[in-house]
Amino acid sequence: MDHDVRRPLHARVAAALRAEVDDHAAPPGTLLPSESALTERFGVSRSVVRQALAALEGEGRVRREKGRGTVVVDRADHRRLVQRAGGLHDQLATGGAVVTTHVLEAVVEPAPEVARWLGADEVLRLERVRSVDGRPVARIRTHLPLPLLAGLRADDLEDASLHAAMEALVGVRPRRGSRQVRAVAADEGLAAQLGVRAGDPLLLLEGRGAAEDGTPLEVFATWHRGDAVSFELDVDDVRARPLAAADAGHGHASGSASTASSTTTTSPEGRAVDAHRLLADLDDVRDRLAVLLARSGPATGPSDDDLMSRIERRVEASGVAISVDELLAARDQERR
């Protein structure tokens, strides 16, 4: 137990038990020791133990059942697919959760350095807190380009999806973009807004969102409670698949996604080209002409910009990992 005498005894006992629950030393369903056993273990009074257990119950970590004792709760967390362009509201609401959003601030200001990518001199900065089933799970900061999204109002975004509001206003929503994830510690402000303690771990998701045609729509940073939201990624290793005879050379586009998805190579340039072929063929049903153009010679092929944006879109859609250098190698290979 923490021996910091500046903290109340019940807070120190609660911290020790909280660590056991969060570290799964006491996994969900575990019956905690009785109050008398905890009193003896920590060398405190029963009233101190009861205060500590009440704190954990208030946090949703344990449940006290009459005639049985204190049980560790299975705190089902919320999962976010970070490779999807859809926002947290849309993903959680689809799962049946009651999602609410409180707009803390909506301010028009000069575009800060972080939002220069939007290409706007002024931006609308939104500060929001998102809750699920009444529990705060995320703090969101979003910069939006003006005048494109000047019609958005704070009232329209209360308990609503920003992306849905965008689509209703200008007919587009983010369909592509970039994401970065890192772990950070909650400062005093974030701790108060998310109902955690200063220093508790948060998952920070930062990124950009653009329309299908590349129009910049948002720059965002979302701090998620580390004990409430987990991130998921779809993983697909193209190189692990067997080589298909139909794709061994520079043959014509296959009418089947399964043929292209079995391509494999070892060199960085080859892997980049194969990733391009895979993604093009996955889109073959509705975009066969574009696939054929992408694999034709320089005289009839698409422009560099069109080719690069097409490769990037399909890489994002499929989750195939590809670096900038590999994208350039794919473009150069197509130009030959």
Side-chain angles (χ1 to χ4, degrees), residues 1-80 88 92 97-102 104 127-141 181-205 221-231:
M1 184 176 72
D2 183 0
H3 295 291
D4 184 352
V5 296
R6 294 170 297 180
R7 298 181 66 193
L9 272 176
H10 68 83
R12 289 149 61 187
V13 172
L17 294 174
R18 184 184 297 111
E20 293 181 9
V21 171
D22 291 350
D23 293 344
H24 284 255
T30 300
L31 187 65
L32 292 185
S34 65
E35 290 181 1
S36 59
L38 292 173
T39 295
E40 182 176 352
R41 171 185 167 185
F42 291 109
V44 297
S45 68
R46 181 165 291 197
S47 64
V48 169
V49 168
R50 286 175 177 168
Q51 282 182 280
L53 293 176
L56 296 183
E57 186 174 33
E59 296 167 2
R61 284 177 165 83
V62 301
R63 179 179 62 253
R64 289 191 282 182
E65 300 179 355
K66 188 174 181 179
R68 187 180 179 204
T70 304
V71 181
V72 178
V73 173
D74 183 2
R75 304 169 74 210
D77 63 358
H78 306 286
R79 292 168 173 80
R80 179 170 191 171
L88 184 61
L92 294 178
V98 177
V99 182
T100 56
T101 304
H102 176 51
L104 302 172
E127 307 282 355
R128 295 170 291 156
V129 172
R130 181 148 289 149
S131 299
V132 179
D133 298 329
R135 179 189 182 199
V137 298
R139 168 70 161 79
I140 311 165
R141 173 175 297 143
V181 179
R182 56 193 173 101
V184 298
D187 60 23
E188 295 288 348
L190 288 169
Q193 291 164 348
L194 292 176
V196 298
R197 296 168 297 162
D200 277 359
L202 303 177
L203 292 173
L204 173 58
L205 177 66
T222 304
W223 293 264
H224 303 76
R225 283 182 57 153
D227 63 346
V229 179
S230 62
F231 291 165

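When all heavy atoms of Val44 and Leu9 are compared, the closest pair comes out as CG1-CD2, 4.0 Å. Taking every heavy atom of both residues into account, Pro136 and Ser131 meet most closely at CA-OG, 3.4 Å. Among all heavy-atom pairs drawn from Ala221 and Leu204, the shortest one is CB-CD1, 4.1 Å. The two residues Ala52 and Ala14 make their nearest non-hydrogen contact at CB-N, 3.7 Å.
The salt bridge (charged side-chain N to carboxylate O under 4.0 Å, His left out) contacts involving residues 194-203 comprise Arg197-Asp200, where partners must be two or more places apart or lie in separate chains.
Leu203 is linked by a side chain to side chain contact (heavy atoms under 4.5 Å, CB included) to His224, Phe231, counting only residues two or more places apart in sequence or in another chain. The side chain to side chain contact (heavy atoms under 4.5 Å, CB included) test applied to Glu65 returns Arg63, Arg68, Val71, not counting sequence neighbours. Not counting sequence neighbours, the partners of Arg41 by the side chain to side chain contact (heavy atoms under 4.5 Å, CB included) test are Leu17, Glu20, Leu38. Partners of Pro27 according to the side chain to side chain contact (heavy atoms under 4.5 Å, CB included) rule, which considers only residues two or more places apart in sequence or in another chain, are His24, Thr30. With sequence neighbours left out, the side-chain hydrogen bond (donor to acceptor under 3.5 Å, both in side chains) criterion links Arg139 to Glu127, Gln193. Arg128 meets the salt bridge (charged side-chain N to carboxylate O under 4.0 Å, His left out) test with no other residue; sequence neighbours excluded.
Considering only heavy atoms from C-beta on, Arg130 stays 4.5 Å or farther from Thr222 through its side chain.
The CG atom of Leu56 sits 9.0 Å away from atom OG1 of Thr70, with the distance rounded to the nearest 0.5 Å. Atom CD in Gln51 sits 8.0 Å away from atom OG in Ser45 (nearest 0.5 Å). Between Trp223 atom CH2 and Leu202 atom CG the span is 9.5 Å, to the nearest 0.5 Å. Atom CD of Glu35 is separated from atom CZ of Arg46 by 5.5 Å, given to the nearest 0.5 angstrom. Going from atom CG of Leu194 over to atom CZ of Arg135 covers 10.5 Å, rounded to the nearest 0.5 Å.
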request  = Show the numbers, then the answer: is there a side chain to side chain contact (heavy atoms under 4.5 Å, CB included) between Thr101 and Ile140?
outcome  = CA-CA 10 Å; Thr101 304; Ile140 311 165; 5.7 Å; no
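Remark: Glu57 CD is packed, more than 12 non-hydrogen atoms of other residues, nucleotides or ligands lying under 6.0 Å away.
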